[in-house]
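Order of the sequence lines fixes the chain letters, A, B, ..., with proteins taken first and strands second; residue numbering starts at 1 for each chain. Below, all heavy atoms of this structure are taken into account, side chains as well, without hydrogens, waters or symmetry copies.
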Amino acid sequence: MMRPKQQRLVLVVAALVALGGAALLALWGLESRAAYFVTPSDIVAGKVEAGVPLRLGGMVREGSLDRKPDGVTVSFEAVSGADVVEVSYTGILPDLFREGSGMVAEGRLGADGRFLADTILAKHDERYMPPPLEKAQAAGETLER
Amino acid sequence: MHRFANPTRFLKFARPATWVCLSLGLLLLVPGIYGGLFITPPDYLQGDSARILYVHVPAAWLGMAGWSGLAAASIAQIVWRHPLAFVAAQATAPVGAVFAALCLATGSIWGRPTWGTWWEWDGRLTSMLILFFLYLAYIALADADRERGGEGRIAAIFGIAGTAILPVIHYSVLWWNTLHQGQSISFVRGESSIAEELFWPLPLTAGGFTLLFAAAVLMFMRAELARGRVEARLRRQAEGQR
């Protein structure tokens, strides 16, 4: 026979296990819907419908940033792995937006496969370091997880 | 733990412990904050705005650690019926809520110059906001239960159930695409992607804020015990006059 104290302990442990399991199942089900953005790979794989509002997250390919003569319109290539999607945007870019770094664009996919962005957010990575180390460290690594 | 079941014995320990935590905490915070703001070099990408991490990161940890403590106290309350457990859980809730709010506020201030937005509904930000709301809900629930003369059993169950948000916050940046970057510091692997020159004030501010957290919880507990004594004395007096 268990004492009441032990009964309550078993009950609490069982409740915690059940709770954890329920939470895991719910999150598993949420996985694709809770994604904050889609990647260029999702677009290349044809998982994204044209014209639907969504966010696109990827790395800005080095050397792809093209500023148009009007001064506020830019286009660049967003990459994830080997997949590339061209993004065009008219507006002010955040300070941390730069080639080789991460970004998230809000907008929709055009029928021609270009992504038309209404808003651009800069995404930075989890590394923090003083300026002189920058070149040595950034050489090999990408910012992508 | 049951040694402290007697409030008098607990108070004998809590009174000096409050001051030790408070003074030690300030002793760690002063060099930590000064070092983080003035001595460390700026970040290579974000410049000076990354300095907010010396407050933001400890605030996030303590917001989550606070709920862990609240849940542990709730388990002690349900299983062992420890007389101080409900007092401890109730004292932790407002302090944890303040640190969760501090985490959200500093994160928002940090997000504007770096990401280009005050707020986005990404997995990490949203789950942290839910934790803040859980604190508020716990406070409301515990107060309502106490007002009706309850022992806080429902609040304790809520405190235990709320732990489900903690792994969600932790893993949100790994499971889902988020605007928030991945974790910089892994306690499990003992690794950090923060360069040493920028890292050293963080343990100081984290330790300092933790001690301030503990001091605030002890103060709330002492205030609650004192309130209980006042009520008991007033009741005795009222009965004596009759």
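- Sparse packing is recorded around OH of B/Y171, with 12 or fewer heavy atoms of other residues, nucleotides or ligands lying under 6.0 Å away.
- Taken from NZ in A/K5 to CD1 in B/I78, the straight-line distance is 15.0 Å, to the nearest 0.5 Å.
- Taken from CG in B/N177 to CG in A/D42, the straight-line distance is 7.5 Å, to the nearest 0.5 Å.
- Heavy atoms of other residues, nucleotides or ligands lying less than 6.0 angstrom from CG of A/L25 number more than 12.
- Considering only heavy atoms from C-beta on, B/L45 comes within 4.5 Å of A/R98 through its side chain.
- For chain A, the nearby part of B/A50 is the side chain; its heavy atoms alone come within less than 4.5 Å.
- For the atom pair B/I75 CD1 and A/L16 CG, the distance stands at 5.0 Å (nearest 0.5 Å).
- Atom OG of B/S193 and atom OH of A/Y128 lie 7.5 Å apart (nearest 0.5 Å).
- Between A/R8 and B/R81 the shortest side-chain heavy-atom distance falls below 4.5 Å.
- Smallest separation of non-hydrogen atoms from B/P42 and A/P131: O-CD, 3.2 Å.
- At most 12 heavy atoms of other shown residues, nucleotides or ligands fall within 6.0 angstrom of atom CZ in A/R67.
- Between A/F37 and B/T178, the closest side-chain pair of non-hydrogen atoms is not below 4.5 Å.
- Counting heavy atoms of neighbouring residues, nucleotides and ligands inside a 6.0 Å radius, atom NZ of A/K68 exceeds 12 of them.
- When all heavy atoms of B/I160 and A/L19 are compared, the pair lying nearest together is O-CD2, 3.9 Å.
- Of the two parts of B/T163, only the side chain, counted from C-beta on, holds a non-hydrogen atom closer than 4.5 Å to a non-hydrogen atom of chain A.
- Residues A/L11 and B/V79 are not in side-chain contact: their nearest non-hydrogen atoms beyond the backbone lie 4.5 Å or more apart.
- Put simply, the side chain of A/H124 reaches to within 4.5 Å of the side chain of B/Q46, judged on heavy atoms.
- Looking only at side-chain heavy atoms (C-beta outward), A/P130 and B/L198 come within less than 4.5 Å of each other.
- Shown here is A/E99, whose CD atom has more than 12 heavy atoms of other residues, nucleotides or ligands within 6.0 Å.
- Residue B/I157 does not touch chain A at all, counting heavy-atom pairs closer than 4.5 Å.
- For the atom pair CG of B/L125 and OH of A/Y36, the computed distance is 8.5 Å after rounding to the nearest 0.5 Å.
- Once rounded to the nearest 0.5 Å, the distance linking OG of B/S49 with CG of A/D95 reads 9.0 Å.
- Between A/E106 and B/E120, the closest side-chain pair of non-hydrogen atoms falls below 4.5 Å.
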